[in-house]
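Step one of this worksheet: look at the structure below.
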Amino acid sequence: WSAAAGASTYNVYRGSRSAGWTYNHTCLLSALVTPGISDSGIPVTGTAFYYLVSGKNACGEGPLGTASGGQPRPNSNPCP
């Protein structure tokens with residue numbers, strides 16, 4: 001991903017999906033100072049991983065963006 005203006009660190013969330021769509025992401029990595037990661041995890045057969053990234057600064061953590069319908073993506077398991 002590209003650097004976000006105003007972000008001093010980044011949190012990366014990973015979730016998995018099979019049929020249908022449910023947000024089930026949890027914190028994968030936190031407080032990254034540069035954009036980009038490598039994930040050695042392997043999803044279970046028949047599933048796929050998805051990733052979401054938030055920027056963070058002294059004011060707090062930013063949102064995880066919006067879904068295709070415009071609704072904010074939930075963050076029920078924020079990084080510490």
Side-chain angles (χ1 to χ4, degrees):
W1 68 89
S2 299
S8 54
T9 62
Y10 301 93
N11 293 334
V12 178
Y13 297 85
R14 181 177 73 189
S16 63
R17 70 174 296 242
S18 53
W21 186 260
T22 304
Y23 288 111
N24 64 2
H25 49 273
T26 58
C27 185
L28 177 65
L29 296 166
S30 63
L32 300 172
V33 295
T34 58
I37 66 162
S38 179
D39 183 5
S40 61
I42 300 172
V44 175
T45 301
T47 65
F49 287 150
Y50 70 91
Y51 300 87
L52 301 171
V53 178
S54 68
K56 191 171 182 181
N57 61 26
C59 295
E61 183 174 10
L64 295 174
T66 56
S68 58
Q71 310 88 343
R73 292 185 179 120
N75 192 1
S76 57
N77 296 302
C79 291

**Study point:** Partners passing side chain to side chain contact (heavy atoms under 4.5 Å, CB included) against T47 (at least two apart in sequence or in another chain)
**Key:**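 Scan of T47 (side chain to side chain contact (heavy atoms under 4.5 Å, CB included), adjacent residues dropped) gives S18, P43, V44.
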Looking at [atom1] of [X] and [atom2] of [Y], how far apart are the two atoms once the value is rounded to the nearest 0.5 Å?
| X | Y | atom1 | atom2 | answer |
| --- | --- | --- | --- | --- |
| N11 | L28 | CG | CG | 10.5 Å |
| E61 | T9 | CD | OG1 | 8.5 Å |
| S54 | Y13 | OG | OH | 4.5 Å |
| T66 | R73 | OG1 | CZ | 6.0 Å |

Practice item. Search all heavy atoms of T34 against all heavy atoms of W1 and return the closest pair with its distance. Key: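 In terms of heavy atoms, the two residues are closest at O-CZ2, 4.2 Å.
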Review point. Between S30 and C79, what is the shortest heavy-atom contact and its length?
Key: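 In terms of heavy atoms, the two residues are closest at CB-CB, 3.8 Å.
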Review point. In terms of ring plane angle, is the pair H25 and Y50 parallel, tilted or perpendicular, where the classes change at 30° and 60°?
Key: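 Perpendicular, since the angle between the ring planes exceeds 60°.
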Check your understanding: If only atom types and distance count, is the side chain of N77 paired as donor or acceptor with the main-chain N or O of C27 below 3.5 Å?
Key ->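 Side chain of N77 to backbone of C27: no pair is present.
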Review point. Same hydrophobic cluster for I37 and L64, using side-chain heavy-atom links shorter than 4.5 Å among ILVMFWY?
Key: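 No, no single cluster joins them.
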Exercise for review: Kindly work out whether a path of hydrophobic side-chain contacts (I/L/V/M/F/W/Y, heavy atoms less than 4.5 Å apart) joins L52 to Y10.
Suggested key: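 Hydrophobic grouping puts L52 apart from Y10.
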Point to revise | All pairs passing disulfide bond (SG atoms under 2.5 Å apart) where residues 29-70 contributes a residue, at least two apart | key: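 Listed once each, the pairs would be none.
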**Study point:** Test side chain to side chain donor-acceptor pair (under 3.5 Å) applied to D39 - qualifying residues, sequence neighbours left out
**Key:**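 Expected list: R14, Y51.
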